[in-house]
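Below, all heavy atoms of this structure are taken into account, side chains as well, without hydrogens, waters or symmetry copies. Counting from 1, the numbers follow the sequence of the chain as shown.
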Amino acid sequence: MWDVYVSLYNILLHNLGALIQALVLNCITYCSDFFLMILTHENKLISPLLLDGPVVYAAYLKTEHSDENIKFWKACETYKKTASQWNRTSRAKKLYKVYIQPQSPREINIDSSTREAIIKNIQEPTQTCFEEAQKIVYMHMERDSYPRFLKSEMYQKLLKTIQANNN
C-alpha cells in the first residue's frame with residue numbers, strides 16, 4: 001500500500017505544486033489506517049476509482065482546518081487496541097485533553113451527552129469509551145467534508161491526473 005502513496009506523491013509533485021506536497025507528506029502517516037478501514041467499510045467515502053484518493057482527501061481536510069477528525073479517528077483505533085488498563089487510562093486522558101475537552105487544541109464536534117459520557121467514564125475507561133464520539137466524527141466526514149471534497153478543485157485535479165495516467 002505504501003507504494004500507492006509514493007506513486008500519488010510523485011503525481012502530486014509533478015502536477016499540484018509545493019503546497020499539496022507538504023500536505024500529503026504530513027497526512028500520509030496519520031491516515032493510512034483510517035482509509036484502509038473506509039475502503040473496506042461499505043466503500044461509502046472513497047470511490048473505488050481513487051485508491052490514491054485517501055491521501056488527497058486528508059490533504060483537503062487539512063486545508064479546511066478539519067484534519068482533527070481524521071487524527072481523532074485514528075487515535076481511537078489505536079486506543080481500542082490498547083490491552084493494558086494503565087496504558088488505556090493514560091491514552092484516554094490524553095485523547096480527552098486533546099480532542100474532547102472544551103477549548104482543547106483539536107476539539108472535535110460532538111454533542112454534550114457524548115462528551116459527558118466520556119467524562120464520566122474517563123477514570124476507568126473501557127476499550128469502547130470513545131466509540132460514540134468516533135462514530136459521530138465519521139458521520140461528520142461522510143456527510144459534510146467528503147461531499148465538499150468531491151466538488152473541490154483538488155479532487156478534480158486528481159481525477160484528471162488518474163484519467164490521464166490510465167490513457
Side-chain angles (χ1 to χ4, degrees), residues 1 4-5 8 20 23-83 87-159 162:
M1 191 68 173
V4 172
Y5 293 130
L8 176 64
I20 301 301
L23 292 173
V24 168
L25 285 174
N26 287 333
C27 292
I28 285 173
T29 57
Y30 291 109
C31 54
S32 60
D33 290 345
F34 172 75
F35 288 107
L36 287 174
M37 185 283 307
I38 289 173
L39 286 168
T40 59
H41 183 70
E42 302 173 23
N43 288 323
K44 284 187 176 180
L45 293 184
I46 302 298
S47 164
L49 169 66
L50 295 175
L51 293 178
D52 295 333
V55 175
V56 178
Y57 176 58
Y60 173 78
L61 287 178
K62 194 161 186 131
T63 67
E64 279 200 331
H65 305 289
S66 62
D67 60 327
E68 71 278 356
N69 292 326
I70 283 180
K71 290 176 181 178
F72 174 72
W73 193 95
K74 183 171 182 189
C76 287
E77 287 300 292
T78 301
Y79 170 81
K80 288 191 279 188
K81 296 173 187 170
T82 304
N87 285 338
R88 189 179 313 128
T89 301
S90 174
R91 286 180 189 230
K93 288 179 180 178
K94 184 176 180 182
L95 280 170
Y96 174 78
K97 185 178 179 181
V98 174
Y99 298 103
I100 307 297
Q101 183 177 337
Q103 306 300 313
S104 63
R106 297 186 190 129
E107 183 181 2
I108 57 169
N109 182 11
I110 57 173
D111 58 89
S112 61
S113 61
T114 302
R115 189 180 315 275
E116 289 169 15
I118 292 170
I119 291 168
K120 191 176 180 181
N121 295 320
I122 202 86
Q123 296 306 316
E124 293 186 40
T126 64
Q127 287 178 312
T128 60
C129 84
F130 293 99
E131 195 168 88
E132 186 61 29
Q134 190 180 18
K135 287 178 185 177
I136 291 168
V137 164
Y138 182 91
M139 181 193 67
H140 287 316
M141 288 187 288
E142 180 179 43
R143 294 182 181 171
D144 187 30
S145 59
Y146 190 70
R148 281 195 313 275
F149 168 65
L150 293 178
K151 296 175 185 173
S152 73
E153 183 178 333
M154 194 179 288
Y155 176 80
Q156 297 306 317
K157 285 182 179 181
L158 176 63
L159 269 180
I162 290 172

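- In this structure, Leu95 and Ala75 approach most closely via the heavy-atom pair CD2-CB, 3.4 Å.
- Residues forming a side-chain contact (heavy atoms from CB on, under 4.5 Å) with Asn109 (at least two apart in sequence, or on another chain): His140.
- Looking at Glu107, its side chain does come within 3.5 Å of a backbone N or O of Gln103 through a donor-acceptor pair.
- Once rounded to the nearest 0.5 Å, the distance linking CD of Gln123 with SG of Cys129 reads 11.0 Å.
- Pairs engaging residues 91-104 under the salt bridge (Lys or Arg N to Asp or Glu O under 4.0 Å) rule: none recorded [sequence neighbours left out].
- Proximity of Ile110 to Ile100: side-chain heavy atoms (C-beta onward) are separated by under 4.5 Å at one or more points.
- Side-chain N/O atoms of Tyr60 and Glu64 include a donor and acceptor closer than 3.5 Å.
- Note that CE of Met154 is 12.0 Å distant from CD of Gln156, once rounded to the nearest 0.5 Å.
- In this structure, the side chain to side chain donor-acceptor pair (under 3.5 Å) partners of Glu153, at least two apart in sequence or on a different chain, are Lys157.
- Scanning for salt bridge (Lys or Arg N to Asp or Glu O under 4.0 Å) contacts around Glu124 gives an empty result, with sequence neighbours left out.
- The side chain to side chain donor-acceptor pair (under 3.5 Å) search around Asn87 returns none, not counting sequence neighbours.
- Take Ser90 and apply the side-chain contact (heavy atoms from CB on, under 4.5 Å) test, not counting sequence neighbours, and it matches no residue.
- At a threshold of 4.5 Å between non-hydrogen side-chain atoms, the residues Gln134 and Glu77 count as touching.
- Counting only residues at least two apart or in different chains, ring-ring contact (aromatic ring centres under 6.0 Å, His included) contacts with residues 97-132 comprise Phe72-Tyr99, Tyr79-Phe130.
- Residues Ala133 and Ile118 approach most closely at CB-CD1, 3.9 Å, considering heavy atoms.
- Between the side chain of Ser66 and the main chain of Lys62, no donor-acceptor pair closer than 3.5 Å is present.
- For the residue pair Arg115 and Ile108, the shortest heavy atom distance occurs at NH2-O, 3.9 Å.
- Glu68 meets the side chain to side chain donor-acceptor pair (under 3.5 Å) test with no other residue; sequence neighbours excluded.
- With sequence neighbours excluded, no residue satisfies ring pair (Phe, Tyr, Trp, His ring centres under 6.0 Å) with Tyr96.
- For Glu132, the side-chain contact (heavy atoms from CB on, under 4.5 Å) test picks out Thr114, Lys135, Ile136, with sequence neighbours left out.
- Under 3.5 Å, the side chains of Gln127 and Lys81 contain no donor-acceptor pair of N or O atoms.
- A salt bridge links Lys71 with Asp67: the closest approach of a Lys/Arg side-chain nitrogen to an acidic carboxylate oxygen falls below 4.0 angstrom.
- In this view, Ser152 satisfies the side chain to side chain donor-acceptor pair (under 3.5 Å) rule with no residue, not counting sequence neighbours.
- Atom-to-atom distance recorded for Glu131:CD and Thr126:OG1 is 8.5 Å, nearest 0.5 angstrom.
- Qualifying salt bridge (Lys or Arg N to Asp or Glu O under 4.0 Å) partners for Arg88, counting only residues two or more places apart in sequence or in other chains: none.
- Between Ser104 and Val98, the shortest heavy-atom contact is OG-O, 3.0 Å.
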